[in-house]
Every structure is written in C-alpha cells, then in structure tokens.
There are 2 protein chains.
Amino acid sequence: MRVAELADAVGVRPDTVRYYERAGLLPPPPRSASGYRRYPAEAVDRLRFVRGCQKLGLRLKEIADLLAVRDTGVCPCEPAETMLHRHIAELDAELARLSALRAELVELVGGLPSGRCPELDQGDWCPPEGR
Amino acid sequence: MRVAELADAVGVRPDTVRYYERAGLLPPPPRSASGYRRYPAEAVDRLRFVRGCQKLGLRLKEIADLLAVRDTGVCPCEPAETMLHRHIAELDAELARLSALRAELVELVGGLPSGRCPELDQGDWCPPEGR
DNA sequence: CTTGACCTTGGAGTCCGCTCCAAGGTCTAC
DNA sequence: GTAGACCTTGGAGCGGACTCCAAGGTCAAG
C-alpha cells in the first residue's frame with residue numbers, strides 16, 4: 001500500500017506517517033521502482049499501536065522505546081506497566097493542579113459581579129487611579 | 001529600578017521582563033543616558049498583575065488584552081469575567097478528559113500483571129508471532 | 001497525450017513562553 | 001584603574017507533534 005492508503009487506514013495524514021518514519025517509530029518501508037513507499041499490511045498494525053499508545057497519553061519517545069522492545073520479539077508489557085504507572089501518577093498531579101486552579105477561578109468569578117473589583121494576591125486588577 | 005531589580009522584585013528573570021516588553025505586556029520604559037531601562041515603581045504592580053494572571057492559567061495574549069483595557073483606565077473585570085468563565089469551561093473539559101484517561105490507564109495496568117498481554121482497541125501490544 | 005491526483009525530498013513554520021547566546025558597552029567597589 | 005557584575009541587541013534554540021512548502025517525478029483514467 002502507498003503512504004496515503006496506510007495513512008487513511010488509520011486516520012492520519014501522509015505527512016504524519018513520514019514524520020513517524022523520520023522519528024524512528026516506523027521502519028523505512030521498501031520502495032517501488034520509482035521510489036514510492038510500499039507498505040506491507042503489518043504496517044497498519046504498527047501504526048495503530050502508535051496511535052493507541054498516543055491516545056493513552058504516551059509520548060512518541062516512549063512509544064519508540066516500547067516498539068524497540070517489541071521489535072526484539074518480546075512483549076513490551078513490563079516496560080509499559082512501569083511507564084503507565086508513572087503516567088497515572090503524573091495525571092493525578094495534573095488533575096490536582098487543575099482542580100485547585102478551577103476552584104480558585106470559581107471563587108474569583110463568584111466575587112466579581114458583586115461589586116468591586118478584586119485584587120489578586122499580587123497586582124491590581126484596576127488601573128492605578130491617577131496616582 | 002533596573003531590569004534585574006524589577007525581575008527580582010517579582011521573581012522572574014531579566015530575560016522574561018524583556019520578553020514581556022517585546023510581547024507588548026510591559027510598555028517600553030524610559031532609558032538612562034547609557035541606554036539602560038529605568039523602571040518606575042508601578043512596573044512592579046504591572047508585572048505582578050501579569051504573573052498573577054498567568055497563575056490563573058491565562059495566556060500572555062489574553063493578559064495583553066486585559067492590560068489593553070486596563071490601560072484605557074477602565075477596570076478589566078468585565079472582559080476578565082468572560083475570559084475566566086471560558087477558562088473554567090476549558091478546565092472542566094480537560095479534567096473530564098484526564099479523568100477518563102486515568103480510568104482507562106488504571107483498568108489497563110490492573111489487567112496487565114494477571115497474565116497475558118492485552119490488546120489495545122487497535123494495535124497489538126505483542127509483536128506478531130512469526131506470521 | 002493531457003489532466004490531475006498522487007509521490008519524493010529537505011527544510012521551514014506553527015504554537016507558547018521563555019531561555020540563552022555573543023559581542024559589545026557601563027557601572028560600582030576596591 | 002581594574003575586576004567583575006551589570007546592561008544592551010537581535011536572533012537562535014527548545015520541546016512536541018506535527019504541518020506545510022516548493023520543485024520536481026509518476027501514474028491511471030479518459
């Protein structure tokens with residue numbers, strides 16, 4: 001299959017497929033006589049693996065590491081587990097941060113219409129009045 | 001005050017202050033005879049306003065918009081309220097997304113050690129076995 | 001045989017908020 | 001008067017994952 005066919009099969013753009021190749025996620029495929037990339041059917045699986053991992057929040061570098069293990073013929077479950085545990089911890093931290101931020105924003109806008117402009121901990125909302 | 005003094009007063013780097021100036025968040029200050037930036041005391045307030053807004057998750061462009069209103073002498077509460085409401089909605093969406101992702105990861109790692117490698121919705125975890 | 005859709009490449013641009021650099025000038029304390 | 005800490009500028013680099021470009025080559029349909 002050509003690059004656009006592979007891309008279509010997984011719902012990405014041809015540029016993205018070529019980018020993954022440059023990034024080392026997809027092996028350079030064989031070429032037709034005229035230099036076109038000709039992908040074997042397994043390329044679809046591999047590309048789907050990449051997209052699946054991305055949906056889980058893994059970065060391309062991490063996916064590349066998993067694929068490197070997978071390419072030795074070993075299931076990358078073990079490194080994946082460590083990786084996913086770390087990601088869960090990161091998510092927890094991010095969720096806590098965003099929740100706290102949300103609470104702060106809600107409190108702030110809750111006070112806004114009531115009358116006077118608030119002051120942030122630092123920095124006046126209102127312009128200095130002619131001082 | 002000099003740029004490093006202003007920066008120290010608010011806990012940022014001199015480069016950041018100059019960056020904010022280039023970005024239109026801080027007005028170009030008067031210069032000393034030798035070309036050094038000489039900030040008036042009010043610059044501290046303005047810089048603190050910027051950092052306070054950033055802590056709330058506003059982007060520099062948005063802060064610039066608020067400051068543009070503030071610079072007309074009007075309190076930017078009204079645009080800020082609209083902006084903050086939008087940010088709360090964005091936070092809600094992001095919190096929902098991350099929560100769902102976390103649940104998915106937890107489910108996935110929960111099943112991992114039990115025995116066999118899972119398959120993602122798309123893309124095998126395990127390498128193709130000699131097919 | 002022409003049209004138009006595909007393909008190739010390397011490199012640049014995007015967003016965001018810095019952060020760092022080099023090469024030069026200035027200011028302060030001793 | 002000199003060391004060393006500051007200041008100036010424009011521009012590049014970073015991270016992350018693309019996305020787009022130009023200039024050229026290829027291929028299938030009509």
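Reminder, nothing fancy here: chain letters follow the sequence lines and each chain counts from 1. Keep in mind that this is a model prediction, so the values were computed, not measured.
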Asks: Can you tell me the distance, in whole Å, between the CD1 atom of A:Ile63 and the P atom of D:dG16?
Replies: 12 Å
Asks: Are OP1 or OP2 of C:dT26 and a side-chain N or O of B:Ser32 less than 4.0 angstrom apart?
Replies: no
Asks: Would one find a side-chain N or O of A:Gln54 under 4.0 angstrom from OP1 or OP2 of D:dG16?
Replies: no
Asks: Taking only the side-chain heavy atoms of B:Arg37 (C-beta and beyond), determine which of C:dC18, D:dC18, D:dT8 contains the nearest atom.
Replies: D:dT8
Asks: I need the NZ-P distance between A:Lys55 and D:dA17, as an integer number of Å.
Replies: 16 Å
Asks: To the nearest Å, give me how far apart CD (B:Glu5) and P (C:dT28) are.
Replies: 10 Å
Asks: Donor-acceptor pair, A:Glu81 side chain versus A:Glu78 backbone, under 3.5 Å?
Replies: no
Asks: Whole-Å distance between C:dT8 P and A:Leu6 CG?
Replies: 11 Å
Asks: Ignoring hydrogens and angles, tell me if any N or O in the side chain of B:Ser99 forms a donor-acceptor pair with the backbone of B:Leu95 under 3.5 Å.
Replies: yes
Asks: Return yes if some donor-acceptor pair links the side-chain N/O of A:Glu62 with the main-chain N/O of A:Arg59 below 3.5 Å, else return no.
Replies: yes
Asks: Taking OP1 and OP2 of C:dC27, is either one under 4.0 Å from a side-chain nitrogen or oxygen of B:Ser34?
Replies: yes
Asks: State the CZ-OH distance between A:Arg2 and A:Tyr39, to the nearest 0.5 angstrom.
Replies: 12.5 Å
Asks: Is the phosphate of D:dA28, meaning OP1 or OP2, less than 4.0 Å from a side-chain N or O of A:Arg2?
Replies: no
Asks: Kindly state which residues belonging to residues 8-31 of chain B come within less than 4.0 angstrom of DNA chain C, counting heavy atoms of the residue only, listed by number.
Replies: B:Arg13, B:Asp15, B:Thr16, B:Tyr19, B:Tyr20
Asks: Check whether the side chains of B:Arg46 and B:Tyr20 place a donor and an acceptor atom closer than 3.5 Å, and report yes or no.
Replies: no
Asks: Just how far is it from atom CG of A:Leu67 to atom SG of A:Cys53, taken to the nearest 0.5 Å?
Replies: 7.0 Å
Asks: Any idea which of C:dC18, C:dC7, D:dC6 is nearest the B:Tyr36 side chain?
Replies: D:dC6
